[in-house]
Protein chains: 2
Amino acid sequence: MEKYNVAVVGATGAVGEKIVKLLEERDFPIKQLKLLSSKRSAGTKVKFNGEMITIEEATDDSFQDIDLALFSAGGTVSKRFAPEAVRCGAVVVDNTSAFRMDEKVPLVVPEVNEDDLQLHQGIIANPNCSTIQMVTALKPIKDAFGLKRVIVSTYQAVSGAGNQAVEELRKQAKQFINNEEITAEILPVKGDKHHYPIAFNALPQIDLFQDNGYTLEEMKMINETKKIMHAEELSVAATCVRLPFFTSHAESVYIEVEQDGITTVDIWKVLENAEGIILQDNPSIQNYPTPIAASGKKEVFVGRVRKDLDQQNGIHLWIVSDNLLKGAAWNTVQIAEKLIEKGLLSN
Amino acid sequence: MEKYNVAVVGATGAVGEKIVKLLEERDFPIKQLKLLSSKRSAGTKVKFNGEMITIEEATDDSFQDIDLALFSAGGTVSKRFAPEAVRCGAVVVDNTSAFRMDEKVPLVVPEVNEDDLQLHQGIIANPNCSTIQMVTALKPIKDAFGLKRVIVSTYQAVSGAGNQAVEELRKQAKQFINNEEITAEILPVKGDKHHYPIAFNALPQIDLFQDNGYTLEEMKMINETKKIMHAEELSVAATCVRLPFFTSHAESVYIEVEQDGITTVDIWKVLENAEGIILQDNPSIQNYPTPIAASGKKEVFVGRVRKDLDQQNGIHLWIVSDNLLKGAAWNTVQIAEKLIEKGLLSN
């Protein structure tokens, strides 16, 4: 089997750590693994397949001889170094929003549009976490019954905002238990003007507000869903909310399918046979997905499937998945595996 | 000013405590206050207007000479004693679901349908907490522009499930901080077969599942909204989710209005002038409602108002209110005040 020189950029971040772990767990065909980060984290040692690898600072020279570069260090780093990596002959899978809406860059969820990988020109974008789990669940439904519209309200974990947000929730929970004043410095958005407590609260802001009153996270869900599903005409609406749990995003999703007369059982059958989906939907034994139960798992969990009581073709779903795995690291590694499978990665 | 003999049934519960506090705060015209509860809580003393009142066990004889009885001790207690109170000449405001869908019982949110109070035959029902805040915000919009459909996903506080659920979240947060195993005995539904952790989690079940796959909470929102708004033809869909915060429910609400061409500014204007509503909607300064900020306040807070990007008449809203105040105790006391104002209470 061919082996590849792989670089992980942002190896110390919430997602980067998971990527390294998955490369090991999946026995990814690695000749040499290079771990890159900002100057600040360089020098840190990370265990991989029994060896200690020292994290190096990413520079223009970092990508010589690299076949595959997995980026997860923020949009600025990707914009700076991904083109450099491509120039050096690497294929880039980028986990940031830097290139997602670039027409020349495929935006890929393997269960949904793996064929788009063929069109890559060096960079492949990994979609936003909340988008990935939704399109994974909606694709088989769209294929079976057609899809006219989607309205989603999200319930998103703090780890989507990085390790500092995780620490902030932990710190605030401790402050609450110790009857101390709760202090907020990171959420809802690091670097934005105001910060509000996330512990025992709900913040209807994920990422910065855009001029149209939507947040960037909401616009990502709307635009990326249409691009991944090749459905410019699909009506998509999103409200994104940050909540006090650590891992896995949940989504309350309303859809309207094209085909008339679809029942809950029809939806169940499609989801049961769909790749990457686990159906957890048995109200009589209180079986439904939750963020805690989905954490650490690679699949997308779907439950609470029910027909709208007024709208003929309306269906409600509850979709949960680990935002750091299927929502980020696992989808990235999955793309890398698909590139090899399709002969799209050379060494 | 006329004064009345008032009974509060369930005076030691999460809502009952707030009712007693509000009666004092509002300087409600009370001749004599009687606090009633189950046998278990009888004997407890509660301070009211500087006097200590001993809680008595509710019996058939408890309602002699009572003019107004405010019930908040669960549906079984209301079914057992509310008709008795009416027989004794009292007007009952019932905070449980026991009589809400009874055709002879008005279901009232004063800002929405205070005229329905005129039709009462002894019992007036206080709606479900998540319904109250939603209809309060939607009524002025319906009056101004017409309303065709509503799709709501809720973010509900544990106090909606009573004081034991509040204690459970506190206990689990402590267990987490102390690295202990998290134990669940109450939520999602006390007395249901399974219990799941609520701390750092999201549970898509509030109240028991019905045969149609919806939970009772979801059916309450659907049915009560239509009854309160006198809109049988209104399309209403609900997904109800319990979350790890103590007080105030939040709701992501999508609506479609009848009138074409409505802008965000049109909605703002209507909400700014509406009774019982505070508009908090300025993305440029990250101003939007949150559960923590709304707690302890009587109003319904609305923000994140924005037009749907695809649907001509679609509008998204984020509605937050204290579930124990406007969602329960305050709406109950408001109804009592309206009864006096309208001459519907005799002593």
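What you see is a predicted model; the values in this text were computed from it and never measured. In the text below, chain A, chain B and the rest are named by the order of the sequence lines, each starting its count at 1.
Heavy-atom distances place both the backbone and the side chain of I292(B) under 4.5 Å from chain A. Only the backbone of L234(B) comes within contact range of chain A, judged by heavy atoms closer than 4.5 Å. Contacts of L243(A) with chain B are made by side-chain atoms alone, with heavy-atom separations under 4.5 Å and no backbone atom involved. In this structure, no portion of N178(A) lies under 4.5 Å from any heavy atom of chain B. Neither the backbone nor the side chain of A294(B) comes within contact range of chain A, judged by heavy atoms closer than 4.5 Å. Heavy atoms closer than 4.5 Å to chain A are found in the side chain of R149(B), but not in its backbone. Heavy-atom distances place both the backbone and the side chain of H194(B) under 4.5 Å from chain A. Looking at E251(B), there are no atoms closer than 4.5 Å to chain A (heavy atoms on both sides), in backbone or side chain. The part of V241(A) that comes within reach of chain B is its side chain, from C-beta onward, which places non-hydrogen atoms under 4.5 angstrom from that chain. For S284(B), the part lying under 4.5 angstrom from a heavy atom of chain A is the backbone only.
Using the six-membered ring where Trp is involved, Y196(A) and Y288(B) have ring planes that are perpendicular, over 60° apart on the 30 and 60° scheme.
Residues F200(A) and L169(B) form a side-chain contact, since some pair of their non-hydrogen atoms from C-beta on lies under 4.5 Å apart.
Judged purely by distance below 3.5 Å, without hydrogens or angles, the side chains of R306(A) and T239(B) pair a donor atom with an acceptor atom.
When the shell of 6.0 Å around NZ of K174(B) is examined, it contains 12 or fewer heavy atoms from other residues, nucleotides or ligands.
Using modelled atom types, one side-chain atom of Q286(B) and one backbone atom of K193(A) make a donor-acceptor pair closer than 3.5 Å. A donor-acceptor pair is defined here as one N or O able to donate and one able to accept, closer than 3.5 Å; no such pair exists between the side chain of N201(B) and the backbone of F245(A).
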